[in-house]
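Below is one structure, written out as structure tokens; the observations come after it.
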Amino acid sequence: MKKLLGAAATVALLALSAQASADAEVGEKIYKQAFGRGCGACHDISSNPQLAALIKAGTLKKDKFAEVIKQGKNGMPKAVEAILAVGAVKKAGLTEDQAIDSVYEFLSK
Ligand code: HEC
């Protein structure tokens, strides 16, 4: 019985943390608002990487996605500060990794 309760608690905790870790609605706000004009100000231009298409095609994995956001790459500015400054991120109290997951979730839809 004790074991069973422990398992139930673990499942409940996992469900809770999954909910807090990725929120596509917050992700959409990040995509549209980060840096003031949103990631789309650059990424909706066809010569720049088309993030949603790359993710859906399976060629842009989450670890690479997060790495570029944290470190920047050529014309891509480091974006963690801009992401954490988005109102919806502050309101939801997301960590840096949860916020990045949320943008990834949004772009995966
Ligand atoms: C000032 C323009 C600009 C803004 C704003 C911008 N990006 Fe980028 N981003 C780029 C450019 C240019 C590249 C291509 C860099 C390269 O590969 O040389 C890029 C690359 C990336 C990549 C890597 C794609 C790949 O396949 O290698 C990711 C992930 C990314 N951006 C995410 C974001 C997210 C998320 C935001 C918003 C928080 C954002 N970018 C905002 C210009 C921008």
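Order of listing sets the numbers, starting from 1, for every ligand and every atom in it.
- Both the backbone and the side chain of Cys39 come within 4.0 Å of ligand 1, counting heavy atoms alone.
- In this structure a side-chain-to-backbone donor-acceptor pair under 3.5 Å is present from Gln50 to Asn48.
- Heavy-atom contacts of Ile69 reach the following atoms of ligand 1: 35 (C) (cutoff under 4.0 Å).
- The closest side-chain heavy-atom distance from Val103 to Phe65 is below 4.5 Å.
- Under the 4.0 angstrom criterion for non-hydrogen atoms, Arg37 is not in contact with ligand 1.
- Heavy atoms of Ala82 stay at 4.0 angstrom or farther from ligand 1.
- Contacts between Thr59 and ligand 1 below 4.0 angstrom, taking non-hydrogen atoms only, are absent altogether.
- Note on Met76: counted as a metal contact of atom 8 (Fe) of ligand 1, an N/O/S atom lying under 2.8 Å.
- Among Gly27, Ala34, Cys42, the residue whose heavy atom lies nearest to atom 2 (C) of ligand 1 is Cys42.
- Using a 4.5 Å heavy-atom cutoff, the side chains of Glu67 and Lys73 are not in contact.
- Of all atoms in ligand 1, numbered sequentially from 1 with element shown, those under 4.0 Å from a heavy atom of Asn74 are 16 (C), 18 (O).
- With a 4.0 Å cut-off on non-hydrogen atoms, Ala41 does not touch ligand 1 at all.
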